[in-house]
2 protein chains.
Amino acid sequence: MKPITLQEIADTLGISVSTASKALKNYPDVSEETKTLVKELAATMNYMPNSFAVNLRTKESKTIGLIIPEIVHYFFSNVIKGIIYQAEKKGYLIITLQSNESYQLEKKQIELLLSKNVDGILISLANETADVEHLKTIIEHNKPLVMFDRIAKKINCSKVVINDKKAGYTATEHLIESGCKRIAHFRGPLLPQNAIDRFQGYKQALKKHNLTFDPALVYTCNDMSFEEGTYFAKKLIQEHKDVDGLFVSSDLIAIGAITELKKQGFLIPEDIAVVGFSNWFMSSAVTPTLTTIDQPGFEMGKAAFKQIFKELNFRKKKETYTPKVIKLKTALVKRDSTP
Amino acid sequence: MKPITLQEIADTLGISVSTASKALKNYPDVSEETKTLVKELAATMNYMPNSFAVNLRTKESKTIGLIIPEIVHYFFSNVIKGIIYQAEKKGYLIITLQSNESYQLEKKQIELLLSKNVDGILISLANETADVEHLKTIIEHNKPLVMFDRIAKKINCSKVVINDKKAGYTATEHLIESGCKRIAHFRGPLLPQNAIDRFQGYKQALKKHNLTFDPALVYTCNDMSFEEGTYFAKKLIQEHKDVDGLFVSSDLIAIGAITELKKQGFLIPEDIAVVGFSNWFMSSAVTPTLTTIDQPGFEMGKAAFKQIFKELNFRKKKETYTPKVIKLKTALVKRDSTP
DNA sequence: CTGAAAGCGCTTACAG
DNA sequence: CTGAAAGCGCTTACAG
């Protein structure tokens with residue numbers, strides 16, 4: 001079945017392509033009669049405008065590129081879901097690419113998306129990414145760019161984030177208020193801003209409550225896995241027998257840590273209280289259930305798309321806009337891993 | 001920064017657009033000198049061909065549509081990852097849509113992808129999908145279609161699957177060989193072929209080993225969640241005190257079931273042995289670790305893309321091809337939830 | 001109210 | 001070896 005063209009519609013109706021085109025798009029200067037004729041024929045012939053031609057004329061494809069560090073990841077897949085959900089609502093399609101936490105890939109993928117002429121780009125940075133020049137090329141190409149979760153402070157574009165520092169503060173303060181005196185922290189990798197911010201929040205809470213900050217109690221996780229949780233838990237209790245609280249930058253690592261601690265005979269939360277991060281669906285299923293910070297992935301995806309959509313419209317109207325930083329709310333979810 | 005065109009390259013060089021175009025594409029009938037000139041200028045001017053124009057001319061966009069029931073799902077997100085990984089290798093981009101297990105959405109999304117002129121469609125059916133006429137429209141539009149995991153037997157297109165029946169058989173037989181006599185099955189929803197096949201494998205294994213099949217021991221899960229696992233486990237031990245084995249059609253449900261059974265004082269595997277399905281990464285982390293069937297999601301994604309890529313090339317060469325059914329290997333992963 | 005014309009930026013068959 | 005021309009299928013400013 002060959003797709004049918006406007007030309008064919010016009011021909012069978014004995015009118016011009018221009019009129020047919022305008023009729024379908026409800027131009028006011030086409031007679032009602034012609035409009036009905038064209039629309040009916042289009043419907044019966046199952047006409048679909050050739051999107052390649054439309055793209056070429058209108059210079060937009062209603063397609064947004066998305067670069068994500070890792071698809072197989074509860075939080076990120078929720079973000080993707082939110083983006084796709086919102087995009088579909090607005091008639092946009094999402095092309096997803098995975099940087100695999102690699103700076104080189106991320107850079108290449110930006111080039112790729114730009115060469116494919118997406119209308120804009122949504123990105124969450126790879127853990128490896130330190131240099132952010134490649135993001136500037138997006139802006140130079142005059143395409144809207146919105147970063148989310150793993151952002152680069154230096155880049156002047158809209159961002160959707162949570163307040164990681166505040167969330168880290170809340171988590172740690174909750175441990176302090178539960179009576180913990182020696183609180184360890186399993187932080188994320190060194191580069192990403194959100195790992196830094198959560199760590200800052202941790203420090204700030206200690207300071208506020210007059211607990212001394214001990215750098216030896218901070219362990220840096222790199223692959224953010226369950227195994228890393230068990231590994232550092234083992235290390236932690238070897239090195240610091242007096243620890244009574246633990247703030248972990250991800251639920252998965254926290255669950256790994258709890259598994260190991262239980263195995264070694266520690267009672268959670270009696271001996272060591274634990275707070276995770278992100279509110280992974282399993283955190284309410286494990287034993288004990290995990291106290292954590294709820295990080296709204298789906299909402300973040302929706303917000304990121306909404307923002308790029310706004311910017312797209314500003315551009316169409318040739319209006320200027322100033323990049324916005326949207327901060328989504330987090331919440332402490334109190335469960336059984338803290339007293 | 002306005003994107004630069006072939007026209008501008010040709011103008012600055014004082015040659016025609018045709019020659020410039022052919023030079024860039026290494027046509028043999030262009031002088032080496034001209035080729036170098038054009039290529040160098042293109043490089044310094046950072047020329048990128050306008051993909052909209054290329055699409056219109058070549059009638060292909062090197063873009064494949066993907067419809068998946070649920071993105072936030074360990075198995076499916078692995079499949080997506082595999083598809084995107086393989087597609088990127090071959091210069092293709094993936095547009096992902098989520099049907100949300102809804103037949104209506106799935107149907108609409110096929111129309112959408114077709115109207116956006118993707119070169120082909122990859123799909124895994126929604127649990128709700130019974131009628132498969134909408135898939136035929138893809139074929140009528142002359143676009144390659146490859147189904148994976150949740151397939152429709154009736155549709156004549158290539159498919160990538162595992163042998164669900166055999167896997168169900170293996171899982172059940174493993175329980176039987178472990179000494180189980182009364183084996184229950186938590187199956188998936190009624191419509192998807194793979195839920196049916198796993199159930200058939202279960203029945204077949206019982207028959208083969210002369211155990212009577214008792215329909216009362218089969219429970220149908222619909223949302224495939226942890227909670228469903230706890231719910232049916234509760235029901236199971238109320239209704240059938242003599243059960244000593246359980247084959248569950250997903251690891252998450254199995255883990256839910258085990259959590260509930262442990263809570264009620266049952267020993268796993270001593271009282272009830274449990275086998276899951278899919279080899280979710282958490283199945284090696286829970287206590288006891290879960291015996292399961294490894295279902296290669298990433299491989300499935302790669303295979304699905306490879307197949308559609310092949311079909312795309314056959315079409316370009318105007319060769320015919322017959323749809324293939326690719327069966328990927330599964331394996332029993334023996335862990336501690338079976339003796 | 002309708003249509004001829006130009007043009008989006010490329011590719012490719014054809015002429016020279 | 002080079003280039004003029006046609007054309008992919010639309011949209012839209014303009015003329016009538």
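Proteins get letters first, then strands, A, B, ... in listed order; numbering begins at 1 in each. The shown structure was predicted, so the numbers you read here are calculated from the model rather than taken from an experiment.
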Legend entry - Residue pairs fulfilling salt bridge (Lys or Arg N to Asp or Glu O under 4.0 Å) with at least one residue in residues 55-81 of chain A, sequence neighbours excluded: A:Glu60-A:Lys316, A:Glu70-B:Lys81, A:Lys81-B:Glu70
Legend entry - With B:Tyr27 via side-chain contact (heavy atoms from CB on, under 4.5 Å) - residues at least two apart: B:Lys22, B:Lys25, B:Asp29, B:Val30
Inset, instruction - Measure the distance from CG on B:Asp11 to P on C:dC10 and round it to the nearest whole Å. - result: 12 Å
Inset, instruction - Report yes if the side chains of B:Leu24 and B:Tyr47 come closer than 4.5 Å at any heavy-atom pair, otherwise no. - result: yes
Legend entry - Non-neighbouring partners of A:Ser99 that pass side-chain contact (heavy atoms from CB on, under 4.5 Å), sequence neighbours left out: A:Ile67, A:Pro69, A:Glu106, A:Gln109, A:Ala126
Legend entry - Whole angstrom value for the distance that separates P of C:dG9 from CG of A:Asn50: 17 Å
Legend entry - side-chain hydrogen bond (donor to acceptor under 3.5 Å, both in side chains) partners of B:Gln98, counting only residues at least two apart: none
Inset, instruction - Please report, rounded to the nearest Å, how far the P atom of D:dC10 is from the CG atom of A:Asn55. - result: 12 Å
Legend entry - Counterpart residues, salt bridge (Lys or Arg N to Asp or Glu O under 4.0 Å), relative to A:Glu101 (two or more places apart): A:Arg150
Legend entry - For atom CG of A:Leu56 and atom C1' of C:dG7, their distance in whole Å: 9 Å
Inset, instruction - Check whether the ring centres of A:Tyr74 and B:Tyr74 lie less than 6.0 Å apart, and answer yes or no. - result: no
Legend entry - Spacing of B:Leu24 atom CG relative to C:dC10 atom P, expressed in whole Å: 10 Å
Legend entry - Neighbours of DNA chain D within residues 30-42 of chain B, by heavy-atom distance under 4.0 Å: B:Val30, B:Ser31, B:Thr34
Inset, instruction - Starting at the 5' end of DNA chain C, write a dot or bracket for each base, bracketing those in Watson-Crick or G-U wobble pairs whose two distances are under 3.5 Å and using | for partners on another strand. - result: |||.||||||||.|||
Inset, instruction - Check the distance between D:dA4's P and B:Ile15's CD1 and give it to me in whole angstrom. - result: 11 Å
Inset, instruction - Among residues two or more places apart or on two chains, list those pairs meeting salt bridge (Lys or Arg N to Asp or Glu O under 4.0 Å) that have a residue in residues 153-162 of chain A. - result: none
Inset, instruction - Let me have a per-nucleotide readout for nucleotides 11-16 of chain C, 5' to 3', with B, S or -, counting only protein heavy atoms under 4.0 Å. - result: BBB---
Legend entry - Test side-chain contact (heavy atoms from CB on, under 4.5 Å) applied to A:Leu191 - qualifying residues, sequence neighbours left out: A:Ala130
Legend entry - Test side-chain contact (heavy atoms from CB on, under 4.5 Å) applied to A:Ser51 - qualifying residues, sequence neighbours left out: B:Asn117
Inset, instruction - For residues 116-138 of chain A, pull every pair meeting salt bridge (Lys or Arg N to Asp or Glu O under 4.0 Å), keeping only residues two or more places apart or in separate chains. - result: A:Glu133-A:Lys136
Inset, instruction - May I have the distance from B:Glu60 (atom CD) to C:dC10 (atom P), rounded to whole angstrom? - result: 17 Å
Legend entry - A:Gln7 CD to C:dA5 C1', straight-line distance once rounded to whole Å: 14 Å
